[in-house]
Amino acid sequence: VCHYPCSGIFIIFYTGSKYQRGNDCQRYIVYSFHDGFFSFDYQLMNDHGIEFGIVSWWGQKTYEDKVFNKIINDVHPTIEGNEYHKFKWAILYEDEGFGDPTLKEIVNDLKYINEKYASSPYYLHVNGKPVIFVYNAAHSGSNPLDDLDRWKKAKAQIPFYVVFKVDPLSSGANPQDMDSWYQYAPA
């Protein structure tokens with residue numbers, strides 16, 4: 001499950017008395033977090049064997065950061081039912097797909113995520129490390145091997161279990177260079 005807090009496509013908002021569809025994401029920071037609706041989401045995910053969700057994240061203090069904070073610190077802890085407490089969340093780091101953040105910027109973001117979210121019992125961990133998915137799409141002018149090199153250096157400084165998009169593999173990267181890989185493309 002991948003959650004895009006502000007995708008602009010038929011997002012359901014809770015307005016206090018009924019649900020409505022719309023795309024004014026900035027107006028409704030709690031858009032699908034009405035207790036009943038969010039519990040329904042958890043129930044669906046749980047019933048289908050989904051163990052974790054990934055939330056699109058565009059950096060510190062962004063709208064998506066506020067939504068992730070609300071999910072992991074306000075909503076998830078209040079959901080009733082022990083089966084939901086097994087469900088975990090991780091971040092999809094979007095900045096790499098649309099630019100080339102510096103090593104310093106990546107490390108700064110990893111420190112922030114580690115300090116603000118990774119200690120939550122609802123944050124996904126693998127092998128004792130917090131998990132982060134990186135959307136390292138081959139944008140214009142990018143070099144997938146440079147992206148990979150920055151992230152290898154970053155995770156050496158701040159231990160994260162990094163799941164990278166497969167693009168560097170087609171440029172000759174060693175599969176062992178990252179903790180895991182994923183594909184983000186039509187099936």
Side-chain angles (χ1 to χ4, degrees), residues 1-11 22-29 31-32 52-73 88-120 122-126 129-187:
V1 171
C2 197
H3 177 61
Y4 291 92
C6 194
S7 66
I9 57 169
F10 287 116
I11 297 171
N23 62 3
D24 185 5
C25 296
Q26 297 300 324
R27 247 180 90 199
Y28 299 98
I29 192 165
Y31 64 93
S32 66
F52 68 92
I54 305 166
V55 177
S56 174
W57 191 82
W58 288 87
Q60 301 175 35
K61 312 296 183 204
T62 61
Y63 172 78
E64 292 79 8
D65 184 46
K66 292 174 186 171
V67 169
F68 190 76
N69 184 63
K70 184 149 189 79
I71 289 171
I72 206 160
N73 290 316
K88 307 295 181 195
W89 292 99
I91 283 176
L92 174 61
Y93 190 92
E94 298 274 12
D95 282 347
E96 190 68 62
F98 300 91
D100 290 316
T102 65
L103 174 60
K104 183 178 179 180
E105 291 170 328
I106 295 168
V107 168
N108 187 42
D109 284 341
L110 291 178
K111 283 181 183 176
Y112 175 85
I113 294 164
N114 195 46
E115 291 168 4
K116 188 161 184 172
Y117 302 122
S119 64
S120 168
Y122 309 113
Y123 197 94
L124 181 65
H125 287 75
V126 173
K129 297 177 190 172
V131 175
I132 190 163
F133 288 76
V134 180
Y135 183 67
N136 53 299
H139 60 83
S140 178
S142 75
N143 180 332
L145 296 177
D146 288 345
D147 298 345
L148 179 64
D149 186 57
R150 280 194 313 279
W151 278 87
K152 283 172 43 181
K153 290 175 181 173
K155 73 183 199 120
Q157 293 182 42
I158 307 290
F160 264 77
Y161 186 92
V162 180
V163 184
F164 226 59
K165 192 170 173 291
V166 299
D167 292 8
L169 295 175
S170 62
S171 296
N174 181 341
Q176 302 301 314
D177 283 344
M178 206 43 64
D179 295 304
S180 192
W181 301 87
Y182 75 97
Q183 177 58 291
Y184 190 97

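Every heavy atom of this structure was used, including side-chain atoms; hydrogens, water molecules and symmetry mates were not.
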What side-chain donor-acceptor pairs closer than 3.5 Å can you find for residues 153-160, not counting sequence neighbours?
unit_1: Lys153; atom_1: NZ; unit_2: Asp149; atom_2: OD2; d: 3.1
unit_1: Lys155; atom_1: NZ; unit_2: Asp179; atom_2: OD1; d: 3.2
unit_1: Lys155; atom_1: NZ; unit_2: Asp179; atom_2: OD2; d: 3.0

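Every residue was checked against the salt bridge (Lys or Arg N to Asp or Glu O under 4.0 Å) condition with Asp95, not counting sequence neighbours, and none meets it. With sequence neighbours left out, Asn69 forms a side-chain hydrogen bond (donor to acceptor under 3.5 Å, both in side chains) with Asn73. By the salt bridge (Lys or Arg N to Asp or Glu O under 4.0 Å) test, Lys116 is found to be paired with no residue, residues two or more places apart in sequence or in another chain being considered. Here Phe98 pairs with Trp58, Glu94, Tyr135 under the side-chain contact (heavy atoms from CB on, under 4.5 Å) rule; sequence neighbours left out. Taking Lys111 as the reference, nothing meets the salt bridge (Lys or Arg N to Asp or Glu O under 4.0 Å) condition, with sequence neighbours excluded.
Nearest heavy atom pair, residue Phe68 against residue Ala90, reads CE1-O, 3.9 Å. Here the closest non-hydrogen pair linking Asn114 and Pro130 is OD1-CG, 3.8 Å. Between Gln176 and Asn174, the shortest heavy-atom contact is N-OD1, 2.8 Å. The shortest heavy-atom contact between Ile54 and Trp89 is N-CE3, 4.3 Å. In terms of heavy atoms, Ile91 sits closest to Tyr123 at N-OH, 3.6 Å. Heavy atoms only, all atoms of each residue included: Leu145 and Ala173 are closest at CD2-CB, 3.8 Å.
His125 contributes no side-chain N or O that, together with a main-chain N or O of Tyr161, makes up a donor-acceptor pair within less than 3.5 Å. A donor-acceptor distance shorter than 3.5 angstrom exists from the side chain of Trp181 to the backbone of Pro175, with no hydrogens or angles considered. The backbone N or O of Tyr117 sits nowhere less than 3.5 Å from a side-chain atom of Tyr122 that would complete a donor-acceptor pair.
Taken to the nearest 0.5 Å, the CG atom of Asn143 stands 10.0 Å off from the CG atom of Leu148. Annotation: the span from Lys152 atom NZ to Arg150 atom CZ amounts to 13.0 Å, rounded to 0.5 Å. Rounding to the nearest 0.5 Å places OH of Tyr112 at 4.0 Å from NZ of Lys61. Of the inter-residue distances, the one linking Ile132 atom CD1 with Trp57 atom CH2 reads 7.0 Å to the nearest 0.5 angstrom. Atom CD1 in Ile71 sits 11.5 Å away from atom OG in Ser120 (nearest 0.5 Å).
Aromatic rings of Tyr93 and Trp151 (six-membered ring for Trp) have centroids within the 6.0 Å cut-off, being under it.
The shortest side-chain heavy-atom distance between Pro144 and Asn136 does not fall under the 4.5 Å cut-off.
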Kindly indicate, with the supporting measurements, whether the criterion side-chain contact (heavy atoms from CB on, under 4.5 Å) is fulfilled by Leu169 and Phe164.
CA-CA 10 Å; Leu169 295 175; Phe164 226 59; over 6 Å; no
Given Gln60 and Asp109, is the side-chain contact (heavy atoms from CB on, under 4.5 Å) satisfied, shown in steps?
CA-CA 7 Å; Gln60 301 175 35; Asp109 284 341; 2.9 Å; yes
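No salt bridge links Glu96 with Lys165; every basic N to acidic carboxylate O contact stays at or beyond 4.0 Å.
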